[in-house]
Amino acid sequence: MNVTGFWAMGGYARYVWPCVALALGILVWNIWSARRHHARALASAARAIAMAGSERA
Amino acid sequence: MPTWFYRLASPPYVYRVAARFAPWLLAGAGLLIVYGLVDGLAFTPPDYQQGDAFRIIYVHVPASALSVMAYTFMAVAAAIGLIWRIKVAFAVAAAAAPIGASFTLLTLVTGSLWGRPMWGTYWAWDPRLTSELILLFLYFGVMSLRVAFEDPSRGDRAAALLAVVGVVNVPIIHFSVVWWNSLHQGATILKLGTPAIDASMRWPLYASLLGFMLFFGGVLCLRLRGEVLQRERLATWVREAVRP
């Protein structure tokens, strides 16, 4: 398959490529979202610990 | 029962183990998905009837298998949480829900984009499509119910109950193409006996399937760390973990 034929996907490019793009987008979103969730939980835990420390003092 | 099984109920143990497993699972997933997509999109011959449109299966089939597997996994974790009152099990169920929902959405959109050239329509109220749409609503219901209560433990229990009840939809999705007249084709590879797909098309599909499963494991580990930390933020072990 040549490069033009590959991108054309036998006339089905407008169906195939959006599927691939969405799949890659969802894979990336999952990693980004999970990392952000963890970072927020870390920040929230650090805040809670700092507050508990200041209350004790 | 081995001791590692009991340790899975311990939040600090799960937090540490998840950090250890996530990069390996994601690296394996990355390699398999890249191989599956490159081989499936560029080197596999076109289908004799569907032409190149069939290549959508390299994302659609793994996403649909994962959507159902993630729900079953979430329901099992929810049941464990309800029966044995293990807090980590509720965290696992909570972590699995958004991942499963995103892959259910991917299944529906890719199926719709495949349906347009093959069936002549983006959507039909077909048993397989409808039951998959119900799966998406179940995921949304579980996620919404969990945060709908002021008391997080009540939210966990309510969401877990819905997850367990909703698992009845899983066999309906799988057997919908057998039980009813369906536009959707029957099982091609996820069935007993010889797969009804040529080997040249099958191997990249297997790679992509396994890659998506490993990806679920890796992202679940990442998300579970956040979930456990959020629930345990006042625990002593968190102080050690958060300390810079």
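Predicted, not measured: the structure shown is a model, and the values here were computed from it. In the text below, chain A, chain B and the rest are named by the order of the sequence lines, each starting its count at 1.
For B:Trp203, the CH2 atom counts as loosely surrounded, since its 6.0 Å shell holds 12 or fewer non-hydrogen atoms of other residues, nucleotides or ligands.
For B:Leu224, no part lies under 4.5 angstrom from a heavy atom of chain A. For B:Ala53, the parts lying near chain A are the backbone and the side chain together; criterion is any non-hydrogen pair under 4.5 Å. Contacts of B:Leu220 with chain A are absent, with no heavy-atom separation under 4.5 Å from either backbone or side chain. At a 4.5 Å heavy-atom cutoff, the contact between B:Val219 and chain A is made by backbone and side-chain atoms alike. Within the 4.5 angstrom heavy-atom criterion, atoms from both the backbone and the side chain of A:Leu27 approach chain B. Both the backbone and the side chain of B:Glu227 come within contact range of chain A, each with at least one heavy atom under 4.5 Å from a heavy atom of that chain. For B:Tyr15, the part lying under 4.5 angstrom from a heavy atom of chain A is the side chain only.
In this structure, A:His38 and B:Leu222 approach most closely via the heavy-atom pair CB-O, 4.3 Å. Nearest heavy atom pair, residue A:Tyr15 against residue B:Leu113, reads CD2-O, 3.3 Å. Shortest non-hydrogen contact noted between A:Trp29 and B:Arg223 is CH2-NH2, 4.4 Å.
Heavy-atom pairs under 4.5 Å with chain B were tallied for A:Cys19, A:Gly10, A:Ala45; the largest tally goes to A:Cys19.
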key: Worked check of side chain to side chain contact (heavy atoms under 4.5 Å, CB included) between B:Leu41 and A:Trp17   = CA-CA 10 Å; B:Leu41 291 169; A:Trp17 293 118; 4.0 Å; yes

